[in-house]
Protein chains: 2
Amino acid sequence: MKDGQSQATRRAPRGSARARLIAAARDLVRRKGFAATSVDELCAAAGVTKGAFFHHFASKEGLGVALIEDWTETTGAMFAAHPYNAAADPFDRLIAYIELRRTLLSMPLPEFTCVAGTTVQEVFDTSAAMREAARNSLASGAGHVRAHLEAALAAHPVPGVTAESLARQFQVAVQGGIILAKAENDARPAREALDHLERYLRLLFGR
Amino acid sequence: MKDGQSQATRRAPRGSARARLIAAARDLVRRKGFAATSVDELCAAAGVTKGAFFHHFASKEGLGVALIEDWTETTGAMFAAHPYNAAADPFDRLIAYIELRRTLLSMPLPEFTCVAGTTVQEVFDTSAAMREAARNSLASGAGHVRAHLEAALAAHPVPGVTAESLARQFQVAVQGGIILAKAENDARPAREALDHLERYLRLLFGR
DNA sequence: AAGACAATACCAACCAGTCGGTATGTCAAT
DNA sequence: ATTGACATACCGACTGGTTGGTATTGTCTT
């Protein structure tokens, strides 16, 4: 009788408020940026009240840090689990990684924007905590390809090129591509950035 | 007697309010982002009242559009006037352009961030007018190198590579480098992004 | 019973934008 | 060379609504 069902659809199950807030933040921050997203908006989107918000996060900035940390884990798990890691040749794994990033670009624009890259642009000078979380996130993202790059460079050294720096260039191509895609309102420039990255790699490794 | 001097230092000369507001916006928006910069803050920084603000701009968004358009003109004039255009060989001009961008990176971080690239990240989905201004700004920036690229490609064609797309990759390297620099709070990753771009160019053109 | 979790009401500060008014400059007719 | 009509540039108090954050109370789970 107690209309438990409508209650359940209307209100999220207890204990999920934190996760729901982070999910809502991921959506809204990608579309509108961090500063332009208000706490009230976040609560409404998550189906949660303000009391719940400030129970789980000390401040809006706290939510921002948690959002980026969650992003680091989520994307990290996704890349780690992906079959692109299976290829025997490290160079093939790099090409497969780029191909994987290409397929991600077929999603709608707000859904392939990088949470860390977007927010750090806004807050790098106003929130040290969020900047540090973003730095860690981008470094972690570069870490996924660095291992493959080290193996590839061991088999085919390139003078003046380190795995560390080349891994960062992957991030540069991805982040820069996203900016151009946003400006053009079209994923194509981001896809072309990956094409150039792949061509660069092939030239470096003589493939 | 009439303390005309203190009057002059206390208040900007008539007619300069618009330019002062744009200059203040360039500073503040680079450091804090567009959404986090309030109109009051802008007015205070420009030494101007709110009445003056809304006399010159219909809205905060209007100031945003004017800011990006001004940025397009300013940077365009700067690159056009620079001696890097002097080299006879188009390839040398491209290398000189990259070198010019490298020297820009010796400034403090907020001063080498691209106004168009930063703001479009925030407002690409919430302000069509600003996104369009940013698109135009980035396209204009790519246009500066496209001419040199066309000449270089005419002398040394590279299959599958157009001047248009390669010019955009210059923007990708610059914008992506800025994001990493912000995250690391250090210009070095941006400089390395230019190094990789230069190496890519040399490989493409066999230099 | 006790603590974790969440709902509601509330607050001072701040937000973008408005509006009636004034200062300054322009130009044509006197 | 004055005058006066008009436009531009600017001023700053004000408004309705929103902001991030708090205080208090209630309700689940163990």
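Naming convention: chains lettered A, B, ... in sequence-line order (proteins, then strands); numbering from 1 in each chain. Just so you know, these numbers come straight off a predicted model, no measurement behind them.
Spacing between atom CZ of B:Phe54 and atom P of C:dG20 amounts to 16 Å, rounded to whole angstrom units. Protein atom CZ of A:Phe53 is 12 Å distant from nucleotide atom C1' of D:dT19, rounded to whole Å. Between B:Phe57 atom CZ and C:dT18 atom P there is a gap of 15 Å when expressed in whole angstrom units. The nearest whole Å value for the distance from the CG atom in A:Leu21 to the C1' atom in C:dC5 is 12 Å. Put simply, CG on B:Asp40 is 11 Å from P on C:dG17, counting in whole angstrom units. What separates CG of A:Leu42 from C1' of D:dG21 is a distance of 14 Å, to the nearest Å. We find that CD of A:Glu41 is positioned 18 Å from P of D:dG17, with the value rounded to whole Å.
For B:Ser59, whose side chain is taken as the heavy atoms from C-beta onward, the closest listed nucleotide among D:dC10, C:dG17, C:dA6 is C:dG17. Across D:dC10, C:dG17, D:dC11, the shortest atom-to-atom separation from the side chain of B:Val48 is found for D:dC11.
Note on ring orientation: taking the six-membered ring where Trp is involved, the planes of B:His144 and B:Phe79 are tilted (angle from 30° to 60°).
An OP1 or OP2 oxygen of D:dC11 is reached within less than 4.0 angstrom by no side-chain nitrogen or oxygen of B:His55. In this structure, A:His56 does not reach the C:dA4 phosphate: none of its side-chain N or O atoms is under 4.0 Å from OP1 or OP2.
Two rings, from A:Tyr97 and A:His148, have their centers 6.0 Å or more apart.
For the pair A:Lys32 and B:Phe124, the cation does not sit on the ring face, since its NZ or CZ is not both under 6.0 Å from the ring centre and inside 45° of the axis.
Side chain of B:Ser59 to main chain of B:Gly62: a donor-acceptor pair is present (N/O by atom type, distance under 3.5 Å, no hydrogens or angles).
For C:dA16, the base has a donor-acceptor partner in the side chain of B:Lys50 [N/O atoms by modelled type, under 3.5 angstrom].
Residue contacts shown for A:Lys60 are limited to sugar-phosphate atoms, with no base heavy atom under 4.0 Å away. Contact annotation for B:Ser38: backbone-only contact, meaning every heavy-atom pair under 4.0 Å involves sugar-phosphate atoms and none involves a base.
With a 6.0 Å radius and a threshold of 12 heavy atoms from other residues, nucleotides or ligands, B:Arg188 has its CZ atom at or below the threshold.
Comparing A:Ala36 and A:Ala58 by the nucleotide of DNA chain D whose heavy atom lies nearest to each, the residue mapping closer to the 5' end is A:Ala36.
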